[in-house]
Amino acid sequence: MNEKEPDIIEIINPATGERAGTVNRCTKEDVHSAIDGAEDAFSGWAAKSPRERGKMLFLAAQEIRNKQVGLAELLTAEQGKPLSEAKNEIQGCAAVLEYYSSISGTVRGDFLPKSDYGYSFTVKKPLGICGAIIPWNMPVLIMAWKTGPALVAGNCLIVKPSSKTPLTSLKIASILHRCGIPEDVLPVVTGSGSEAGSALAESRKIAALSFTGSAETGNFVEKLSCGTGKRLTLELGGSDPMIVCRDADVDSAVAGAVAGRFYNCGQTCTAVKRLYVMEDIAEEFKRKLTEKVSQIKTGNGMMKGTKMGPLIDMEARDKTAGVIAGIQEDYDAEILTGGEIPDSPDLKCGSFLEPTVITGAPKDCTLFTEEIFGPVLPVAVVKNMDEAIEEANRTKFGLGASVWTTSLKNSFEASEMLDAGIVWVNRHLKIPPEVPFGGEKESGSGRENGLCALERYMKEKTVIMTP
Ligand code: NAD
């Protein structure tokens with residue numbers, strides 16, 4: 001017989017192994033009652049004007065900015081990222097809410113040319129009750145990506161944070177509630193993916209579900225949702241390539257690679273996960289990269305000077321360390337820096353791993369073919385742009401990609417040829433709220449951010465009027 005799971009989930013600080021907080025373990029029944037509550041609240045919420053709803057988001061964004069230090073400290077405690085990165089994420093969350101508030105007055109349909117049947121126009125309506133399933137790596141920013149457009153459009157949204165990082169999301173939700181958004185319009189169900197997450201995916205009452213997480217879970221959620229008639233957005237994993245051309249500004253490419261791979265301890269969907277550098281500049285690039293990466297100060301995100309925190313938990317750390325060990329065992333690859341689990345007393349209780357750069361591994365090994373969600377950067381040398389593009393596209397993923405060059409021709413050619421939902425030139429990672437974001441191939445379908453996310457949370461009704 002299965003032992004009943006405890007009613008409480010413990011949230012563990014990945015830097016110390018200590019308890020950062022506890023939340024309720026919501027059951028399927030809890031999710032169903034949140035859906036029922038949202039159904040009751042929907043008509044009142046949908047009847048408000050988009051601008052009225054947008055104003056509440058704006059007020060919430062202001063309060064989030066005012067409280068950013070406390071919120072960032074909580075985010076660091078539950079997720080591990082350095083405090084400066086946590087502050088960035090809290091500010092990013094506020095910026096997304098402000099953006100959707102600012103475009104709330106633009107919700108509109110179309111007036112169509114007069115036909116033989118009279119006048120026709122379309123109106124935009126909310127979908128109803130929507131769901132949001134959120135991962136642990138950027139819990140607050142991703143919550144805003146879904147909450148902003150869903151609420152402005154007039155939907156209720158049931159939020160399911162990752163059971164590893166629900167604490168800051170709960171605080172953000174309570175700020176939104178205080179700013180006028182009813183709790184039944186925006187309930188947060190804390191619980192496991194298999195119980196609370198599945199209940200959202202399986203429910204026929206959920207009109208749209210936006211899922212962000214791994215490709216594996218996303219595929220499973222797609223199966224659970226099949227036949228329920230819901231609109232599904234899947235924002236899944238990636239293995240973003242970065243191409244450094246021979247005409248690149250090497251120093252800025254090195255800085256871009258360091259930030260692109262080691263931000264959030266390498267646990268970002270659009271992190272630089274594979275790097276292809278052209279042979280003419282490869283030695284200089286690798287030398288400078290190794291120097292910079294070996295200077296990254298790893299530690300508790302609350303400590304001044306920390307540049308990289310721990311991985312989310314010991315399981316994630318051991319998995320990534322296992323990949324490094326496997327590569328060393330199987331191939332004649334060279335670890336340029338890092339590769340070890342640090343053993344200093346202050347890091348012993350946390351899930352830390354040294355920032356690692358590997359070169360010489362075959363271009364078709366796990367490092368290049370799978371999503372490695374940790375601080376490991378494999379560097380491969382290529383002859384020219386053709387080879388770089390071929391290698392970059394040789395993947396099942398298609399989330400982001402970047403090319404580093406001073407040539408206009410290379411910029412256009414690469415942005416045209418790379419199979420990715422977003423291509424950066426001389427940059428990697430940053431995405432402003434108005435820019436559509438999403439993947440292709442196994443990195444998912446649908447878009448978040450920008451006007452298109454707002455459209456995704458609305459349906460269109462056509463009216464034909466014969467005078
Ligand atoms: P995950 O797939 O393990 O979990 C994501 C969410 O799904 C969590 O809330 C989890 O509880 C829930 N879940 C788990 N099983 C479920 C089920 N059976 N039914 C419904 N929900 C379920 O992912 P993670 O480890 O939290 O996040 C890391 C992954 O997310 C990486 O692959 C990363 O690339 C990806 N990611 C993608 C984007 C993007 O926008 N494309 C952004 C951030 C993270």
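Atoms within each ligand, like the ligands themselves, are counted from 1 in listed order. This is a predicted model, so every value here is computed, not measured.
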May I ask you to check whether N137 has an N/O atom sitting below 3.5 Å from an N/O atom of ligand 1?
no
Set of side-chain contact (heavy atoms from CB on, under 4.5 Å) partners for T106, sequence neighbours left out
I103, L451
Within the 4.0 Å heavy-atom cut-off, what T270 brings close to ligand 1 is neither
So that I can tick it off, tell me whether E78 and K164 are bridged by a salt bridge, with the cut-off set at under 4.0 angstrom between side-chain N and carboxylate O.
no
Any side-chain to backbone donor/acceptor pair from S443 onto G237? Under 3.5 Å, distance only.
yes
Can K441 and D419 be counted as an ion pair, charged N to O under 4.0 angstrom?
yes
For I312, which part has a heavy atom under 4.0 Å from ligand 1: side chain, backbone, both, or neither?
neither
So, E455 and K124, do they make that salt bridge, N to O below 4.0 Å?
yes
State whether the shortest distance between N or O atoms of K160 and N or O atoms of ligand 1 falls below 3.5 angstrom.
yes
Mind checking side chain to side chain donor-acceptor pair (under 3.5 Å) for E371 and listing every partner two or more places apart, or none if nothing turns up?
K273
Q79 and N264: side-chain donor and acceptor closer than 3.5 Å?
yes
With heavy atoms under 4.0 Å as the rule, classify the contact between T212 and ligand 1 as side chain, backbone, both or neither.
both
Just which atoms of ligand 1 are under 4.0 Å from any heavy atom in F373?
28 (C), 31 (C), 33 (C), 34 (O)
For S198, state whether at least one heavy atom is located under 4.0 Å from any atom of ligand 1.
yes
ring-ring contact (aromatic ring centres under 6.0 Å, His included) between W136 and F373, worked out
CA-CA 12 Å; W136 49 262; F373 219 52; 5.6 Å; yes
Is the closest heavy-atom distance from E371 to ligand 1 below 4.0 Å?
yes
Compute whether any side-chain donor of one residue and acceptor of the other, for T27 and D30, lie under 3.5 angstrom apart.
yes
Is any N or O atom of L236, backbone or side chain, closer than 3.5 Å to an N or O atom of ligand 1?
yes
Which of the numbered atoms in ligand 1 are under 4.0 angstrom from any heavy atom belonging to E235?
37 (C), 38 (C), 39 (C), 40 (O), 41 (N)
Would you check the N or O atoms of S214, main chain and side chain alike, for any that come under 3.5 Å of an N or O of ligand 1?
yes
Between ligand 1 and T217, is the shortest N or O to N or O distance under 3.5 Å?
yes
I'd like to check which ligand 1 atoms, numbered from 1 as shown, lie under 4.0 Å from a non-hydrogen atom of F220.
18 (N)
Heavy-atom distances under 4.0 Å decide this one: backbone, side chain, both or neither, for I134 against ligand 1?
backbone
Take atom 4 (O) of ligand 1 and look for protein heavy atoms under 4.0 Å from it; say yes if you find one, no if not.
no
